[in-house]
2 protein chains.
Amino acid sequence: MSSPKVIDQDKKRPRGRPKGFDDAAAKDAIMMTFWQNGYRATSLDDLVKASGAARASLYQSYGDKRGLFIAAIENYSQKFADWVTQAMQDEPDTVLVLERILGASVARLTGGDMPDGCLRCNSTLEMAGADPLIDKALKTANQDFVDTIRRPLVRAAERGEISVQDADRLSVYLTALVNGMVVLARSGADESTLQTIVDDALVQVKQA
Amino acid sequence: MSSPKVIDQDKKRPRGRPKGFDDAAAKDAIMMTFWQNGYRATSLDDLVKASGAARASLYQSYGDKRGLFIAAIENYSQKFADWVTQAMQDEPDTVLVLERILGASVARLTGGDMPDGCLRCNSTLEMAGADPLIDKALKTANQDFVDTIRRPLVRAAERGEISVQDADRLSVYLTALVNGMVVLARSGADESTLQTIVDDALVQVKQA
DNA sequence: TTTCATCTAGACTGTGTGGTCTATAAAGTA
DNA sequence: TACTTTATAGACCACACAGTCTAGATGAAA
């Protein structure tokens, strides 16, 4: 995120005029804009302003509004997967990894530094079934989320701490809870309310 | 729903030309339309067609698109509350009432006879924070849902079966799970997957 | 320096939208 | 039969939007 960007990488620069904006930063800005407003309430002008890229450049890079949205969803998914990879490296204990993941979710859902809700959940309820390509991206993102939550549980299963069946079952169960907390948070639930839910859910995990 | 409508009730008929559509049926049709498409993707033309009412009549009755939407949300909330009232009359046992509620949710989320998802959840993730009046209606609807789920639990507490604290805690917990299942269902989860979640959650309830 | 590929700035266009307005139809009341 | 009230049908308007296009800017390659 805040790592010093390597300017002028060795990668050969293409022929024409160089972009006047940073690709990765623009991608993040586009993600944040869709996250903030939703798909339909985001205009191309919003994306142009947020990304710093020219309108035509966005069309050049992403095809159309739908392409921008799908890229945003993929970007969002990837960030979560990367975060969990890091958490699993930092924390060997399964329950503590899950505590971190769920605790970070609660913090983010109730903290003011990010847009409300979750781009994946927001988008799923706004757009599932409305467009084939978006639908596919959403299905992938939702499956990726379950798979990502599942990773620490699979590690626990490999260690013989729980069964593979429990890993599967719990990963879906915890996904449901996180998804549900997103809706609760957007309807005004505070941090302690959500944390109580997480604590109750972890009891479920520890019993497995 | 399909009960024979009493035509020409005793209520004195107002002076002017009578409405060419059924008020209650129109209200339901409006609810279904918003449920199907979401707020922003629903046009006034959609609502005119679905309700059978004239465009001007809708504006006369509801003020504007936002008023139509808020009425739809209130209508939706009321239907759920009525359903639970009935279920509590039919079934005295607390856990069995909750089983019915959650089971019906699973059936509806995976059955094809209703629009996808849940109008309350869909609308919350699409519109929370976007408009003050809609926001208020959504907060009310979400609080009503928790309160409605809470009713069988409060009845159990009054009977001394569980503590009031557990009733409060579990009502929020189960709300989170239902909300979460809505997202899961819209991302393609099948009935048995959701039913497994419900079964796991009911274990939690029985332990209280 | 010229050429070529790419990016930029923003004008432009067709379509769809929420909301209003007008003319008319259908009922009750006097 | 007039008069009043309410609903209907649909034309109408101003606006916002996604997407396209054009003219010019910028840099590498020749």
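We use all heavy atoms of the structure for the numbers below, so side chains are in, but hydrogens, waters and symmetry mates are not. Throughout, protein chains are lettered first and strands after them, A, B, ... in sequence-line order, and every chain is numbered starting at 1.
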The contact string for nucleotides 8-19 of chain D, one letter per nucleotide 5' to 3', using protein heavy atoms under 4.0 Å with B, S and - for base, sugar-phosphate only and none, comes out as B--------SBB
Go through it in stages, so that I can follow the logic: the residues are B:Asp46 and B:Ser43, the test is side-chain hydrogen bond (donor to acceptor under 3.5 Å, both in side chains), and I'd like the CA-CA distance, side-chain angles, deciding distance and then a yes or no. CA-CA 5 Å; B:Asp46 292 336; B:Ser43 71; 3.3 Å; yes
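One interatomic measurement links the two molecules: CZ of B:Phe69 to P of C:dG18, which rounds to 13 Å at whole-angstrom precision. Look at CZ on B:Arg15: it is 11 Å from P on C:dG28, rounded to the nearest Å. For the pair B:Tyr62 OH and D:dA7 P, the interatomic distance rounds to 12 Å; values are reported in whole Å. Distance, B:Gln60 CD to D:dT5 C1': 11 Å, rounded to whole Å. Rounded to whole Å, atom P of C:dG16 lies 16 Å from atom CG of B:Asn37.
Ion pairing of B:Asp166 with B:Arg169 is present here, as a side-chain N (NZ or NE/NH1/NH2) and a carboxylate O approach within less than 4.0 Å. Between B:Asp82 and B:Lys79 no salt bridge is recorded (no basic side-chain N to carboxylate O distance below 4.0 Å).
Taking 4.5 Å as the limit, every side-chain heavy atom of B:Arg66 sits out of range of all side-chain heavy atoms of B:Phe69.
Between the A:Arg186 side chain and the A:Cys118 main chain, no donor and acceptor come within less than 3.5 Å of each other.
Looking only at atom types and distance, the side chain of A:Asp147 has a donor-acceptor partner in the side chain of A:Gln143 under 3.5 Å away.
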